Q: 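Here it is, the structure in full.
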Amino acid sequence: MSATSPHSTESTAFRSALDVIRGVEPRVADAIGQELHDQREMLKLIASENYASPATLLAMGNWLSDKYAEGTVGRRFYAGCRNVDTVEALAAEHARELFGAQHAYAQPHSGIDANLVAFWAVLADRIEAPALAAAGVRNVNDLSDADWAELRSAFGNQRMLGMSLDAGGHLTHGFRPNISGKMFDQRSYGTDPATGLIDYEALRAQARAFKPLVIVAGYSAYPRLVNFRIMREIADEAGATLMVDMAHFAGLVAGKVLTGDFDPVPHAQIVTTTTHKSLRGPRGGMVLCDDSLKDQVDRGCPMVLGGPLPHVMAAKAVALAEARRPDFQDYAQRVVDNARALAEGLMRRGATLVTGGTDNHLNLIDVASSYGLTGRQAEAALLDSGVVTNRNAIPADPNGAWYTSGIRIGTPALTTRGLGAAEMDEIAALIDTVLTATEPGTTAKGAPSKAQHVLEEKVSDEVARRASDLVSGFPLYPGVDLS
Ligand SMILES: *Cc1c(COP(=O)(O)O)cnc(C)c1O
């Protein structure tokens with residue numbers, strides 16, 4: 001990226017765009033400008049966030065948005081889709097090459113949507129297709145009412161095994177508040193209480209006994225590696241399809257930090273992801289799969305997805321092209337090195353980390369045992385001090401899923417800004433300073449509160465100043481000057 005200059009191409013592009021928007025609704029232009037300012041000021045440790053490149057951002061703001069393009073590349077239900085075909089084909093091609101996948105589907109609007117596409121692809125492959133074959137028809141419309149009723153009830157009677165929420169799994173892996181939990185009879189696997197790690201032998205026994213249709217691997221808050229070769233072995237033994245949701249760590253797969261047994265793509269039949277987390281693309285989702293599931297996956301729209309977002313697919317193609325460059329591998333390695341440096345800095349200062357460290361892009365601090373705080377109190381105290389994180393449950397969390405006992409911190413965003421190991425140690429010091437100085441608060445009536453915290457302003461102001469000094473040395477969007 002070029003140095004800050006009011007005359008750089010990037011400055012011109014974004015300023016002109018804001019000028020055009022300002023002519024219609026100035027408050028929107030102001031909010032967009034203010035967001036850049038805010039993002040530049042904050043020390044962002046949210047593990048699921050990042051900063052997309054100017055090229056990726058600009059690819060989204062244009063007339064590709066004006067097209068309806070239901071269907072797939074070359075087979076649309078609308079006329080005039082040749083340019084949408086171009087960008088969707090490029091996004092899929094870059095994804096296939098980058099991840100070594102047989103097939104890529106770039107239409108999902110988000111990670112949740114990608115998971116829904118995947119669940120229904122597996123249901124279509126394993127439940128619907130055999131039912132159609134047994135009835136001797138090719139299309140669901142040709143089933144008798146009785147056969148259709150039977151198939152509909154079979155859809156609702158399938159089992160899923162997914163990682164528990166407090167071990168780091170995701171709501172979309174079969175939990176009741178999400179539609180996946182209403183569709184599937186779900187059981188979850190946790191981690192070994194002694195080590196905090198996935199216990200593959202326990203999982204193997206559980207899968208053999210439960211015989212799920214689908215095993216979902218992948219997480220939002222597990223700081224260690226997952227062995228997908230073993231996961232596939234377990235799935236095969238149980239007669240399950242292995243689905244991996246790599247929403248969080250796709251950037252580490254793209255950047256060749258997670259390879260061999262730790263790369264899900266060669267092992268799982270179907271892999272879902274977001275494109276905006278460690279992968280550093282636009283907000284969106286994607287599905288990768290074997291050719292055997294290709295046709296089912298490509299029915300995602302209109303099966304569960306609204307019409308494709310061609311402008312976002314254009315941005316996915318741009319971001320995936322960036323991720324294929326050698327410097328993305330360097331980025332991914334630095335993300336992991338930084339997470340490790342942060343872990344070491346925190347532990348040296350006495351913090352307890354779930355599993356005692358990290359192998360990926362995130363850490364989970366057990367703030368209850370280290371600092372006597374709930375996650376909610378720690379999150380708020382850190383935010384007062386200019387450090388943006390989020391609270392997260394830890395295994396067997398004594399404070400439940402709302403208040404929690406954990407703080408999740410991730411390095412993808414700050415690594416994009418260029419911060420390194422020395423800065424991570426300084427950040428560990430800031431976090432430790434804040435959490436050590438924070439006390440649990442009380443309610444208005446004086447009762448102990450899991451929500452309130454007490455932190456002297458002197459401390460939060462001082463840390464906020466140091467956090468702001470720290471990031472100011474690493475300009476965000478250095479080529480963009482809106483002043
Ligand atoms: C973030 C995340 C999702 C959801 O992604 P959205 O784009 O917010 O829908 C799904 N699965 C996992 C594991 C995630 O971390």
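Note that the structure is predicted; figures quoted are calculated from it, not measured.
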Q: Has the side chain of R40 got a donor or acceptor atom that lies under 3.5 Å from a matching backbone atom of Y477?
A: yes
Q: Is any side-chain heavy atom of D263 closer than 4.5 Å to a side-chain heavy atom of F228?
A: no
Q: Measure from the side-chain N and O atoms of T374 to the backbone N and O of K450, and report whether any donor-acceptor pair falls under 3.5 Å.
A: yes
Q: Nearest 0.5 angstrom please: R408 CZ to S220 OG, how far?
A: 6.0 Å
Q: Please check this pair: side chain of T411 against backbone of T415, looking for a donor-acceptor N/O pair closer than 3.5 Å.
A: no
Q: Heavy atoms, side chains only, cut-off 4.5 Å: are Y105 and C301 in contact?
A: yes
Q: Taking everything shown except E457 itself, do over 12 heavy atoms lie less than 6.0 Å from its CD?
A: no
Q: Do the side chains of V471 and E41 get nearer than 4.5 Å, heavy atoms only?
A: no
Q: Please report the shortest heavy-atom distance between D384 and S460, naming the atom on each side.
A: O-CB, 3.8 Å
Q: So, do F14 and I32 sit near enough that their side-chain heavy atoms are less than 4.5 Å apart?
A: no
Q: Taking 4.0 angstrom as the limit, do R96 and E93 come out as a salt bridge?
A: no
Q: Would you say the side chain of V297 lies within less than 4.5 Å of the side chain of V117, judging by non-hydrogen atoms?
A: yes
Q: Could you tell me which non-hydrogen atom of R417 sits nearest to which non-hydrogen atom of F474, and how far apart they are?
A: NE-O, 2.9 Å
Q: Tell me yes or no: between the side chains of D166 and S164, is some donor less than 3.5 Å from an acceptor?
A: yes
Q: I'd like to know if the side chain of E344 and the backbone of A341 have a donor-acceptor N/O pair within less than 3.5 Å.
A: no
Q: Under a 4.0 Å threshold between the charged nitrogen and the carboxylate oxygen, would R76 count as salt-bridged to E88?
A: yes
Q: Backbone N or O of I409 within a donor-acceptor pair of the T389 side chain at under 3.5 Å?
A: no
Q: If the threshold is 4.0 Å, N to carboxylate O, is there a salt bridge linking R465 and D461?
A: no
Q: For the pair H311 (side chain) and G61 (backbone), establish whether a donor and an acceptor sit closer than 3.5 Å, ignoring hydrogens and angles.
A: no
Q: Measure the shortest side-chain to side-chain distance between L382 and L435 over non-hydrogen atoms and say whether it is less than 4.5 angstrom.
A: yes
Q: With side chain to side chain contact (heavy atoms under 4.5 Å, CB included) as the criterion, how do F262 and D359 come out once you've worked through the C-alpha distance, each side chain's angles and the decisive distance to 0.1 Å?
A: CA-CA 11 Å; F262 308 108; D359 295 321; over 6 Å; no
Q: Whether the side chain of Q269 engages the backbone of L242 through a donor-acceptor N/O pair (distance < 3.5 Å, no angle test) should be reported.
A: yes
Q: Return the minimal non-hydrogen interatomic distance between S370 and G350, and the atom names on each side.
A: CB-O, 4.5 Å
Q: Restricting to non-hydrogen atoms, name the atom on N115 and the atom on T272 that form the minimum distance, rounded to 0.1 Å.
A: OD1-OG1, 2.6 Å
Q: Could you tell me if Q39 and E35 have a donor-acceptor pair between their side chains, going purely by distance under 3.5 Å?
A: yes
Q: Heavy-atom distance under 4.5 Å between the side chains of M163 and I198, does that happen here?
A: yes
Q: Scan side-chain atoms only and decide if D298 and T72 contain a donor-acceptor pair under the 3.5 Å cut-off.
A: no
Q: What's the shortest heavy-atom distance between P177 and L171, and which atoms?
A: CG-CD1, 4.1 Å
Q: Tell me the closest heavy-atom pair linking A221 and N392, and the distance in Å.
A: CB-ND2, 3.4 Å
Q: Flag the pair L288 / T273 as yes when at least one side-chain heavy-atom distance between them is below 4.5 Å, and no otherwise.
A: no
Q: Verify the ring-centre separation between Y219 and F249: is it less than 6.0 angstrom?
A: yes
Q: For the residue pair N360 and H248, confirm or rule out a side-chain donor-acceptor distance under 3.5 Å.
A: no
Q: Any side-chain donor-acceptor pair under 3.5 Å between H170 and D245?
A: no
Q: Knowing that exactly one of T56, T275, T416 qualifies, which makes a side chain to side chain donor-acceptor pair (under 3.5 Å) with R280?
A: T416
Q: Is the closest basic N to carboxylate O distance between K44 and E49 below 4.0 Å?
A: yes
Q: Salt-bridge test for K294 and D291: reply yes if a basic N is under 4.0 Å from a carboxylate O, no otherwise.
A: no
Q: Taking S385 for its side chain and A381 for its backbone only, find out whether a donor-acceptor pair lies under 3.5 Å.
A: yes
